[in-house]
Amino acid sequence: MTTRRFAVLALALLAASAGLAACGPPPAARTPQTLVIVVDKLLYGPPPIVAHVGDTIEWDNHDIFEHSATADEGAFDLDLPAGGKATFTLKQSGVIRYHCKFHPGMLGQITVTP
């Protein structure tokens, strides 16, 4: 093999191996999380900053009143007794708007990413 061919082959192998190294191993699978929204003083606390499909949302009612977390589109309707909790696992991405069926001024929303 000539020096020129050897150099070209060596550069091609180096470029290919650099490309493979840059790709690296695939990212690890994300572990689903439980994200808490506190309900208190007739308000839903702030939603999680990031929620993903597979995560579980837990509404934790610290109020003295019964509330609900009721999805506008019907995905869930959870009763939250005073001092109680309820959960829902996110099944698809998008924006979920919800309200309290007992207190119409209580509104919330969660943005769910894939």
Chi angles and distances behind the side-chain contact (heavy atoms from CB on, under 4.5 Å) call for T70, F102 | CA-CA 10 Å; T70 305; F102 306 114; over 6 Å; no

Quick one: are E66 and N61 in side-chain contact, heavy atoms under 4.5 Å?
-> no

Atom CG in L42, atom CE in M106: separation rounded to 0.5 Å?
-> 6.0 Å

Between atom CG of L43 and atom CG of L107, what is the distance when rounded to the nearest 0.5 Å?
-> 10.0 Å

Heavy-atom nearest pair, F65 first then H103, reads CB-CE1, 4.2 Å

D40 side-chain N/O to Y44 backbone N/O, donor-acceptor pair under 3.5 Å | no

Any donor-acceptor pair under 3.5 Å from H99 side chain to P104 backbone | no

Under 3.5 Å: donor-acceptor pair, side chain of Y98, backbone of F76 | no

Nearest heavy-atom contact between P32 and D55 is CA-OD1, 3.5 Å

Check: K41 main-chain N/O paired with D63 side-chain donor or acceptor under 3.5 Å = yes

S68 side chain reached by L78 side chain, heavy atoms, under 4.5 Å = no

When rounded to the nearest 0.5 angstrom, what distance separates CG in L35 from OG1 in T87?
-> 12.0 Å

How far apart are the closest heavy atoms of L80 and A69, and which atoms are they?
-> CD1-N, 4.0 Å

Test item: I57 and P48 side chains (from C-beta on) under 4.5 Å apart, heavy atoms = yes

Just by distance, with hydrogens left out, do T34 and T56 show a side-chain donor and acceptor under 3.5 Å apart?
-> no

Hey, are the side chains of K85 and W59 touching, using non-hydrogen atoms and a 4.5 Å cut-off?
-> no

Intermediate values then yes/no, side-chain hydrogen bond (donor to acceptor under 3.5 Å, both in side chains), T113 and H52 | CA-CA 5 Å; T113 61; H52 298 275; 2.8 Å; yes

Is there a side-chain contact between L90 and I96, using heavy atoms and a 4.5 Å cut-off?
-> yes

So does K101 pair up with D77, basic N to acidic O under 4.0 Å?
-> yes

State whether the number of non-hydrogen atoms from other residues, nucleotides or ligands found under 6.0 Å of K91 atom NZ is greater than 12.
-> yes

Side-chain contact test, heavy atoms from C-beta onward, threshold under 4.5 Å: evaluate it for R97 versus I110 and give yes or no.
-> no

